[in-house]
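Here the structure comes first, spelled out in structure tokens, and everything after it is commentary.
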Amino acid sequence: MATSGLELSAELKTRLAAIGDRIPPHVRLIAVTKTFPVSIIRAAYAEGIRDFGENKVQESLAKQLELRDLTDVTWHFIGHIQSNKSRKVLEHFDWIHSIDSLKLAARLDRQAGELNRRPNCCLQVKLLPDPNKDGFDPSELLAVLPDLDQLTQIQIRGLMVILPYGLNPQQAKSGFLQARDLASQIDAKGMINVKMDTLSMGMSGDFESAIAAGSTMVRIGSGLFGQR
Ligand SMILES: *Cc1c(COP(=O)(O)O)cnc(C)c1O
């Protein structure tokens, strides 16, 4: 059954007001619209949202094409990047949150040069070892920092963190604090090209503890748009 535009925006208004109240002004809200149709993105845009997160290249490009009249939107890529998709990601996204290997970073840097793009990027970190999750282990990340610092075309701005499911609020808080400490540790090295002014952490279920731990960008989907 189709929801009318009116109902859609009334519900979104309510949810956005409730979430917006819990996000301080220095924290940027990324509305995660993966799996949701363009009608939802338009409704969110009408409420003033300008940052949208997507995790699949094909799906997002189809939506971006339909939404090309919205010229002041910032698109954020938050999903795993297969190497044959990296060029498309560079062409169509301003922020790339999900750099999960040195190899990918180097590839993006080279292609960004060819395409004359300077994307803002985050390094995705996995705080606990997990073979099924993408991301740098903290020790691995510290080891490749000198190599990352050689990359001058992409703009490395900070870290992106996704915590494992099912943590209690205390565990989540401690995970986010660990991420912040890692960012401080990296920042203290005074790298030239690796900046640490951004912490992309916090989703619908845990954004308040992420903000308490120093998040600067929260990525919220279901809390705004309902279950996928
Ligand atoms: C889907 C997704 C989100 C949003 O998750 P919600 O729980 O719906 O808020 C945030 N970040 C990433 C990387 C995602 O894939």
Side-chain angles (χ1 to χ4, degrees), residues 8 11-12 14-23 27-38 40-41 43-44 47 49-61 63-64 73-82 85-86 89 92-101 104-105 108 119-128 130 132-136 141 157-169 171-173 175-176 179-180 183 198-228:
L8 183 78
E11 183 158 354
L12 181 60
T14 310
R15 288 188 165 140
L16 190 56
I19 285 178
D21 279 349
R22 293 146 70 197
I23 299 178
V27 176
R28 193 158 162 184
L29 168 63
I30 319 297
V32 176
T33 46
K34 64 186 188 201
T35 77
F36 289 107
V38 291
I40 295 263
I41 300 180
E47 296 305 321
I49 294 186
R50 293 294 179 270
D51 289 283
F52 294 97
E54 292 272 341
N55 72 339
K56 296 253 162 55
V57 177
Q58 286 313 114
E59 176 192 336
S60 181
L61 293 199
K63 292 182 198 173
Q64 291 187 28
V73 161
T74 299
W75 293 99
H76 298 253
F77 196 79
I78 61 172
H80 180 66
I81 302 175
Q82 294 161 280
K85 298 282 169 63
S86 54
V89 171
H92 298 279
F93 292 84
D94 307 295
W95 276 84
I96 302 172
H97 292 237
S98 41
I99 294 185
D100 56 8
S101 70
L104 175 63
L108 288 168
N120 294 293
C121 297
C122 294
L123 305 168
Q124 183 172 345
V125 175
K126 73 180 158 187
L127 295 170
L128 302 168
D130 180 347
N132 298 315
K133 272 230 173 69
D134 303 312
F136 292 93
L141 177 56
R157 299 285 303 273
L159 304 181
M160 193 270 261
V161 182
I162 307 173
L163 292 184
Y165 285 110
L167 301 185
N168 66 39
Q171 293 168 318
K173 176 92 183 282
F176 290 133
R180 188 188 63 188
T198 300
L199 275 176
S200 169
M201 57 188 197
M203 312 190 350
S204 297
D206 58 16
F207 71 90
E208 284 181 294
S209 42
I211 290 171
S215 169
T216 66
M217 280 188 170
V218 292
R219 309 176 310 269
I220 300 188
S222 53
L224 287 172
F225 307 118
Q227 291 305 319
R228 285 180 292 272

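One-based numbering, in listed order, for ligands and for the atoms of each. This structure is a prediction, so every number in the text was calculated from the model and none was measured. Computation of the quantities below employed the complete heavy-atom set of this structure, encompassing side-chain atoms and omitting hydrogens, waters and symmetry-equivalent molecules.
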Check your understanding: Heavy atoms under 4.0 Å from ligand 1: which residues qualify?
Key -> Val32, Lys34, Ile78, Ile162, Met203, Ser204, Arg219, Ile220, Gly221, Ser222, Arg228
**Study point:** Neighbour count above 12 (heavy atom, 6.0 Å) for Lys85 NZ
**Key:** yes
Practice item. Assign the ring pair Phe36 / Phe225 to parallel, tilted or perpendicular, where the plane angle (0 to 90°) is split at 30° and 60°. Key: tilted
**Study point:** salt bridge (Lys or Arg N to Asp or Glu O under 4.0 Å): pairs with one or both residues in residues 28-38, sequence neighbours excluded
**Key:** Arg28-Asp51
Check your understanding: In a check of ring pair (Phe, Tyr, Trp, His ring centres under 6.0 Å) between Phe52 and each of Phe93, Trp95, Trp75, which one passes?
Key -> Trp75
Check your understanding: Tell me the side chain to side chain donor-acceptor pair (under 3.5 Å) pairs involving residues 209-220, sequence neighbours left out?
Key -> Ser200-Arg219
Review point. With sequence neighbours left out, what residues match Lys133 under salt bridge (charged side-chain N to carboxylate O under 4.0 Å, His left out)?
Key: Asp130
